[in-house]
Colleague: 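Take this structure, written in structure tokens, and hold onto it; I'll ask about it next.
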Amino acid sequence: MGLKQNLHKLKEKYKGTKMAPAFNALHTFLYTPNETTHSGSHVRAADDLKRTMNTVIMALIPCLIFGIFNAGYQHYAAIDNTLRLDPLGNFFTWDNFILGAWTVLPLVIVSYGVGLLVEFIFAVIKGHEVEEGYLVTGMLVPLIVPIDIPLWMLAVAVIFGVVIGKEVFGGTGMNILNPALTIRAFLFFAYPTWMSGDKVWVHGAKEMAGQPDAISGETILGSLAQNHEPIYSIWDSFWGFIPGSVGETSTFLILIGALFLIFTKIGSWRIMLSAVLGALAMGLIFNGVVDAGWIKDGSSFYGLMSETFWHHLVIGGLAFGIVYMATDPVTASQTNKGKWIYGFLIGFISVLIRVFNPAYPEGVMLAILLMNVFAPTIDHYVVRGNIKKRMKRLKAKTA
Amino acid sequence: MEHIELFFKSIFIDNMVFATFLGMCSYLAVSKKVSTAVGLGAAVIFVLAVTVPINWLLDQYLLQDGALAWLGEEYASYDLGFLSFILFIATIATMVQLVEIVVEKFSPSLYNSLGIFLPLIAVNCAILGGSLFMQSREIPTLGLALNYGISSGIGWFLAILAIAAIREKIRYSNVPAPLRGLGITFIITGLMAIGFMSFGGMLTGGDEETPSLDSNPENLGVKTEQIQEENTETAQTVEVSTITKQ
């Protein structure tokens with residue numbers, strides 16, 4: 001009697017009762033179900049929702065592992081600055097891994113535990129099967145929060161995000177805003193002191209503040225906004241040896257994830273490419289403004305505006321947002337032409353917020369949420385345009 | 001520069017719907033279809049673009065403290081501010097009547113689909129709100145008042161356009177029964193407001209005119225004091241505007 005048989009028995013036992021969806025979900029999660037549809041016409045394809053979600057999770061795993069090491073590395077490097085002289089040699093160490101796992105894994109566990117619990121409760125109450133939609137959200141959430149966020153805050157935000165952001169719209173596939181970003185935005189506006197500033201990005205920085213051995217972990221965007229010279233080189237931020245939210249620091253690994261998503265056709269290359277173009281365009285405009293001498297050295301925007309335009313792609317969470325969250329097929333534009341507009345505006349507005357909005361050092365989260373709001377509008381007009389074009393063609397043919 | 005700043009600010013930062021939650025009644029009621037929403041949005045833009053400058057003139061030459069000075073010395077001390085509401089509403093009602101006649105003449109189908117909500121623009125709080133904000137924010141010139149009217153109208157237009165598209169999209173969603181209709185629309189509006197918060201705080205924190213302040217650490221204290229002053233000022237204007245609303 002293996003686990004499979006036990007599960008099968010439990011499933012049979014609860015069949016038809018209120019708890020059935022919970023056991024069905026467990027069974028489907030662990031084993032591929034052998035039930036298929038028997039009658040009627042239907043599409044037979046291997047890439048069901050579960051596989052789609054798992055592909056994204058696979059693309060995220062390198063970021064998670066890197067994030068675990070980076071959490072430990074940033075903590076020790078903030079205490080002993082000499083570690084930064086040889087980041088690669090001091091990065092993949094057991095000390096880093098143990099400390100990182102100790103701080104990051106609880107985030108993952110709380111995110112999945114609370115989120116799936118809410119999903120199960122809703123499935124049982126509403127009497128439908130548990131949907132796979134939370135699998136990716138649950139992995140994204142721990143990767144986009146600061147390392148030291150208290151677990152209860154995370155739990156509250158996850159409940160808000162899943163219930164208000166998704167379940168009230170009818171569950172997976174119906175939401176209008178990306179649930180992971182809704183969760184982050186909730187945290188950002190409800191507990192701002194835990195979500196921004198220079199004390200939240202490195203483990204232990206908040207507790208040690210004010211003590212003689214206090215450590216600081218200013219992010220690159222933070223220092224640029226203050227017109228300080230950042231202490232990290234652009235290569236550091238490309239490989240990811242910088243403080244930041246747990247999983248978004250390494251542009252290199254995000255690039256690999258992006259290629260994987262494009263290769264498996266899960267993520268839309270149109271959105272990724274156009275978002276990159278949008279960010280570059282805005283960066284170039286700002287560089288042009290600085291070159292033309294319209295902004296003086298002392299201005300509060302100078303630091304970010306004069307940053308070389310392509311650096312914007314490497315620093316901060318822009319790359320992570322573009323690859324993993326702007327491409328969310330539910331909340332993005334559905335039409336091909338719409339995807340170009342949608343992506344371009346995400347990149348454009350992200351950099352705009354970064355530079356011009358002193359309240360938010362990073363803009364990609366709110367830019368994606370804003371474009372989520374306007375995605376249906378874009379789609380509507382793209383579809384209208386298509387209809388108009390075809391009507392014209394039809395008229396030309398029949399006339 | 002002033003014009004661009006005000007334009008951007010009233011569309012995105014002080015958006016009528018998402019920042020002040022004004023004009024909610026027609027926003028909620030007429031946002032089921034994109035085409036009707038566009039019609040109503042255009043009507044609101046037009047009415048705001050006409051009423052705000054007219055009301056600005058009224059305010060400047062009739063209502064403000066000392067505005068009657070052009071009549072002669074003895075009128076300089078009059079303050080007819082208490083007449084603002086009635087005069088503003090009179091202007092708005094007239095303009096709405098005009099819009100109604102025009103729409104009925106040129107687009108009967110739009111007239112029918114807007115139904116009662118077209119004459120109700122007259123009591124749309126976004127319209128009166130536009131005029132009252134114009135008064136309380138002390139917009140200095142007629143050109144800026146026109147700009148303010150048009151741009152806050154565009155902000156409202158964008159809001160109703162976006163929510164109409166979203167409501168068309170979620171028409172077949174399995175929304176829990178108690179939330180169907182208005183309930184989910186309120187939740188969507190709240191979530192949309194989160195998206196619009198991306199612009200909150202923009203154009204207020206940076207001070208390009210006094211760049212030397214931030215480079216000199218000794219002046220940091222001065223700067224924070226200034227910011228605090230600005231904050232209390234805005235808080236006061238908000239208080240004033242809420243009082244006037246009551």
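Any value given below was found using the heavy atoms of this structure, including those in side chains, with hydrogens, waters and symmetry copies removed. Throughout, protein chains are lettered first and strands after them, A, B, ... in sequence-line order, and every chain is numbered starting at 1.
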Colleague: Report which part of A/Phe189 has an atom under 4.5 Å of a heavy atom belonging to chain B: side chain, backbone, both, or neither.
Modeller: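 When you check distances to chain B, only side chain atoms of A/Phe189 fall under 4.5 Å.
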
Colleague: For A/Phe374 and B/Leu158, run side chain to side chain contact (heavy atoms under 4.5 Å, CB included): C-alpha distance rounded to whole Å, both residues' side-chain angles, the deciding distance at 0.1 Å, then the answer.
Modeller: CA-CA 9 Å; A/Phe374 281 110; B/Leu158 274 182; 4.2 Å; yes

Colleague: Could you state the interatomic distance from CZ (A/Phe356) to CZ (B/Phe8), rounded to the nearest 0.5 Å?
Modeller: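 That separation rounds to 8.5 Å.
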
Colleague: Heavy-atom count check: over 12 atoms from other residues, nucleotides or ligands less than 6.0 Å from A/Phe188 CZ?
Modeller: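 Above 12, so yes.
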
Colleague: From B/Ile194 CD1 over to A/Met365 CE, what is the distance, rounded to the nearest 0.5 angstrom?
Modeller: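 If I round to the nearest 0.5 Å, the distance is 9.0 Å.
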
Colleague: Please flag which part of B/Leu179 lies under 4.5 Å from any non-hydrogen atom of chain A: side chain, backbone, both or neither.
Modeller: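 Side chain of B/Leu179 only, per the 4.5 Å heavy-atom cut-off to chain A.
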
Colleague: What part of A/Leu177 gets within 4.5 angstrom of chain B, counting heavy atoms only: side chain, backbone, both, or neither?
Modeller: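 The answer is the side chain of A/Leu177.
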
Colleague: When only pairs under 4.5 Å are counted, which of A/Ile353, A/Leu370, A/Thr377 shares the most heavy-atom pairs with chain B?
Modeller: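 Among the listed options, the one with the most contacts to chain B is A/Leu370.
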
Colleague: Does A/Gln334 form a side chain to side chain contact (heavy atoms under 4.5 Å, CB included) with B/Lys169? I'd like the steps, not just the answer.
Modeller: CA-CA 11 Å; A/Gln334 321 271 324; B/Lys169 186 187 171 188; 4.2 Å; yes

Colleague: Select one option (side chain, backbone, both, neither) describing which atoms of B/Ile170 are under 4.5 Å from chain A's heavy atoms.
Modeller: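 When you check distances to chain A, only side chain atoms of B/Ile170 fall under 4.5 Å.
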
Colleague: Can you find a pair of side-chain heavy atoms, one from A/Phe169 and one from B/Ile188, that are under 4.5 Å apart?
Modeller: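 Yes. Closest side-chain heavy atoms under 4.5 Å.
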
Colleague: Please report the shortest heavy-atom distance between A/Pro376 and B/Ala165, naming the atom on each side.
Modeller: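 Looks like C-CB, 3.6 Å.
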
Colleague: Pick from B/Arg180, B/Met197, B/Met192: which one has the most heavy-atom pairs with chain A under 4.5 Å?
Modeller: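 Of B/Arg180, B/Met197, B/Met192, B/Met197 has the most heavy-atom pairs under 4.5 Å with chain A.
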
Colleague: Less than 4.5 Å to any heavy atom of chain A: does that hold for the side chain of B/Ile187, its backbone, both, or neither?
Modeller: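 Interface part for B/Ile187: side chain.
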
Colleague: What pair of heavy atoms forms the shortest contact from A/Leu369 to B/Gly195, and how long is it?
Modeller: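 Minimum heavy-atom contact is CB-CA, 4.1 Å.
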
Colleague: I need the A/Ile368 CD1 to B/Ser198 OG distance, nearest 0.5 Å.
Modeller: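 Here the rounded value is 11.5 Å.
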
Colleague: Are any non-hydrogen side-chain atoms of B/Leu161 and A/Tyr381 less than 4.5 angstrom apart?
Modeller: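 Yes - at least one pair of side-chain heavy atoms lies under 4.5 Å apart.
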
Colleague: I'd like to know whether NZ of A/Lys126 has more than 12 heavy-atom contacts from other residues, nucleotides or ligands below 6.0 angstrom.
Modeller: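 Buried by this count: over 12 neighbours within 6.0 Å.
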
Colleague: Side chain from CB out, backbone as N, CA, C, O: work out which of these in B/Ile163 comes under 4.5 Å of a heavy atom of chain A, or both, or neither.
Modeller: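 It is neither, since no heavy atom gets under 4.5 Å.
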
Colleague: May I ask you to name which of B/Gly190, B/Ala164, B/Pro176 has the most heavy-atom pairs under 4.5 Å with chain A?
Modeller: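 Highest number of heavy-atom pairs under 4.5 Å: B/Pro176.
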
Colleague: Of all the heavy-atom pairs spanning B/Leu191 and A/Gly165, show the shortest one and how long it is.
Modeller: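 Closest pair (atom of B/Leu191, atom of A/Gly165, distance): CD1-CA, 4.5 Å.
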
Colleague: Indicate yes or no: at least one non-hydrogen side-chain atom of A/Val168 is less than 4.5 angstrom from one of B/Ile184.
Modeller: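 Side-chain contact under 4.5 Å: yes.
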
